[in-house]
Asker: 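The structure's right below; bear with me while I get my questions together.
Here the structure is a predicted model, which means the values were calculated and not measured. Worth knowing before you read on, the calculation uses all heavy atoms, side chains too, and leaves out hydrogens, waters and symmetry mates.
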Amino acid sequence: MYNNLLRNKSLVFGTVATTLAAGGSLYAYENYARRYPRNLNSALDYYGFKDPEQKKALRFLMQKAGIKDDDALLDRRAENQAALSRSILGLVSETQDKFTIRTGKQERWDVQTSDWMKDAAQQKQIISALEILNMMDAVPPALKKRDVICVLGASRSVMVSRLEYAGELFTEGKLPAHWLIMLAGERYVTPDKNGVRVDGSEEELSTLATKIGKNVATLTETDLMKDAYESSKLYGKFPDHDVLIDTPRRNLPRPTTETTVTELCDWLKQHPEVQDITFVSNQPHVDYQKAIIAQVFEKQGVKVKFEVVGPAYRADLVSNDADKINYVMQALGSRIWAATPEVMDAIGLDMSDPELRAEFKKLYEKQPLIYSNFEAKQPKPKM
């Protein structure tokens, strides 16, 4: 029986085959196979890409982006944990290079749109693939209750859309809460550029600066958030319970999701009664920010239930389909990158191999938060 099983079943790892050949149980094989995906394509379930159409869509985008040997990367059978880990890290490396593309201190609006994104004959199919991967549709709240609505900072146009979405849900009774917190910080404003809406035209920014008595050069994201909030449906709905957290940039070019949520953690530690939070982002950034928030909470030891919601992708963020593809593809690459440590954790992969540790470090060492969380979980060397 077991010899037939070994001939007819694609075993995940060689050690399982040895166990079965020695008389191990069918139950042991099935239990092991359920725990460890047999290849990268199966591991995509852990990223939330469980539907066959989603996996096909990601494969299509990898091909269009110029990722070589994508079929081999996705379908190659993992003979052991190290092989599966290496395939997952290969996915991160390739998508960072071909999807996200950013280098150094580039912002998303500084990334040039690739030639393949400009091919009008295939743009509709590419956008459809991104929709299949749930990068475009609104993400509604799922929590039945929450203590805090927390609106995440961003460029001005995006913050306005986040406040509008939260305001509509609140007005409809779908987002009740006791507190409203807005996370922003010392990011100096950027006028709209390269056909992408950022913080507004130079005229709009000048008008705001005059209104609040500042120089345009000193306007920050916090100023934009405050102004957008005062024009939103949420304004005045949380008397004495609306908080605007102004995150300093410190030694960074600007505050990030990590640093602003870290500032939030300081507030949460002073308010232990808060148990449930709904963060408000927008598509295509919901899953990326969810992954980063989880990493920050883990690092800070904050134990609260949270969700990340957001409105659908807004077509007016960019001026044409090519730039739209560029914008959403960058977010997809960031989503895969940010989710991978949790994916590897969820699968239960052993990352003690020095070569794998080196590969992981190469991909994540510029993000101390994720890297330190990863290192903290690794077995300590024996003395």
Side-chain angles (χ1 to χ4, degrees), residues 137-143 145-192 196-201 203-214 216 219-247 254-255 257 260-261 263-264 267-268 271 274 276-286 289-290 293 306-317:
D137 292 339
V139 180
L143 291 178
K145 67 177 185 68
R146 77 228 7 101
D147 301 303
V148 171
I149 299 169
C150 184
V151 181
L152 298 166
S155 61
R156 180 176 185 166
S157 58
V158 170
M159 286 191 292
V160 167
S161 72
R162 292 175 181 180
L163 285 162
E164 286 177 351
Y165 186 65
E168 289 168 3
L169 290 172
F170 183 84
T171 301
E172 294 168 1
K174 297 177 181 177
L175 201 68
H178 187 60
W179 289 88
L180 172 67
I181 297 178
M182 292 157 284
L183 293 185
E186 189 188 357
R187 175 184 65 82
Y188 292 94
V189 299
T190 300
D192 298 348
V196 178
R197 293 183 65 186
V198 187
D199 291 321
S201 67
E203 182 180 354
E204 289 171 328
L205 295 174
S206 179
T207 299
L208 175 60
T210 301
K211 174 184 172 182
I212 63 176
K214 293 184 74 170
V216 172
L219 278 180
T220 68
E221 180 181 282
T222 301
D223 297 318
L224 302 179
M225 176 73 91
K226 184 174 184 293
D227 183 62
Y229 167 54
E230 291 174 353
S231 301
S232 76
K233 293 180 180 179
L234 292 172
Y235 188 60
K237 299 296 191 297
F238 297 85
D240 302 320
H241 287 86
D242 56 348
V243 177
L244 177 57
I245 295 178
D246 183 9
T247 307
R254 62 169 177 82
T257 301
T260 55
V261 175
E263 292 286 319
L264 172 65
W267 185 91
L268 289 171
H271 295 81
V274 172
D276 306 271
I277 303 175
T278 295
F279 289 91
V280 184
S281 177
N282 70 295
Q283 289 290 56
H285 307 296
V286 167
Q289 294 197 299
K290 182 178 180 181
I293 291 166
F306 79 93
E307 65 181 353
V308 183
V309 304
Y313 170 84
R314 284 176 53 174
D316 61 350
L317 290 173

Asker: Would you check if the side chain of Ser206 reaches a backbone N or O of Glu203 as a donor-acceptor pair within less than 3.5 Å?
Answerer: no

Asker: Name all residues meeting the side-chain contact (heavy atoms from CB on, under 4.5 Å) criterion together with Val139; count only those two or more places apart in sequence or in a different chain, and write none if there are none.
Answerer: Gln283, Val286

Asker: Does Thr222 reach the main-chain N or O of Gly185 with its side chain, forming a donor-acceptor pair under 3.5 Å?
Answerer: yes

Asker: Quick check: do Val151 and Tyr229 have side-chain heavy atoms less than 4.5 Å from each other?
Answerer: no

Asker: Mark yes or no for whether Asp192, through its side chain, and Gly200, through its backbone, hold a donor-acceptor pair below 3.5 Å.
Answerer: yes

Asker: Indicate whether any N or O donor in one side chain lies under 3.5 Å from an N or O acceptor in the other, for Thr247 and Glu263.
Answerer: no

Asker: Should Leu205 and Pro191 count as side-chain neighbours, where that means a heavy-atom distance under 4.5 Å?
Answerer: yes

Asker: So do Thr260 and Ile245 actually touch side chain to side chain, heavy atoms under 4.5 Å?
Answerer: no

Asker: For Pro311 versus Ser161, what's the shortest heavy-atom pair and its separation?
Answerer: CG-O, 3.9 Å

Asker: First locate atom CE of Met225, then atom OG1 of Thr220, and finally report the distance between them rounded to the nearest 0.5 Å.
Answerer: 10.5 Å

Asker: Any chance you could measure Asp223, atom CG, to Ile212, atom CD1, to the nearest 0.5 Å?
Answerer: 4.0 Å

Asker: For a quick test of reading the model, state the closest non-hydrogen atom pair linking Glu186 to Asp246 and the distance between them.
Answerer: N-OD1, 3.9 Å

Asker: Among pairs that include at least one residue of residues 153-165, which meet salt bridge (Lys or Arg N to Asp or Glu O under 4.0 Å), considering only residues two or more places apart or in two chains?
Answerer: Arg156-Asp227

Asker: Using a 3.5 Å cut-off and no angle test, enumerate the donor-acceptor pairs between side-chain atoms of residues 169-182 and protein atoms at least two apart in sequence or in another chain.
Answerer:
unit_1 : atom_1 : unit_2 : atom_2 : d
Thr171 : OG1    : Gly167 : O      : 2.8
Glu172 : OE1    : Lys174 : NZ     : 3.3
His178 : NE2    : His241 : NE2    : 3.2

Asker: Atom CG in Asp199, atom CD in Glu204: separation rounded to 0.5 Å?
Answerer: 10.5 Å

Asker: Is any side-chain heavy atom of Phe279 less than 4.5 Å from a side-chain heavy atom of Thr257?
Answerer: no

Asker: Could you check whether any side-chain N or O of Asn282 sits under 3.5 Å from a backbone N or O of Gly310, counting only pairs where one atom can act as donor and the other as acceptor?
Answerer: no

Asker: Can you check whether Gly153's main-chain N or O pairs, donor with acceptor, with Arg187's side chain at less than 3.5 Å?
Answerer: no

Asker: Kindly give the heavy-atom pair with the smallest separation between Leu143 and Glu307, and that separation in Å.
Answerer: N-OE1, 3.0 Å

Asker: Measure the CG-CG distance between Leu183 and Leu244 for me, rounded to the nearest 0.5 Å.
Answerer: 9.0 Å

Asker: Would you call Asp242 and Leu234 a side-chain contact if the rule is heavy atoms closer than 4.5 Å?
Answerer: no

Asker: Distance check, rounded to the nearest 0.5 Å: Phe306 atom CZ versus Asp276 atom CG?
Answerer: 12.0 Å

Asker: Pick out which of Pro141, Pro140, Ser281 makes a side-chain contact (heavy atoms from CB on, under 4.5 Å) with Val309.
Answerer: Pro141

Asker: Look at atom NZ of Lys226 and say whether more than 12 heavy atoms of other residues, nucleotides or ligands are closer to it than 6.0 Å.
Answerer: no

Asker: As an exercise, state the distance from CG of Leu264 to CD1 of Ile293, rounded to the nearest 0.5 Å.
Answerer: 8.5 Å

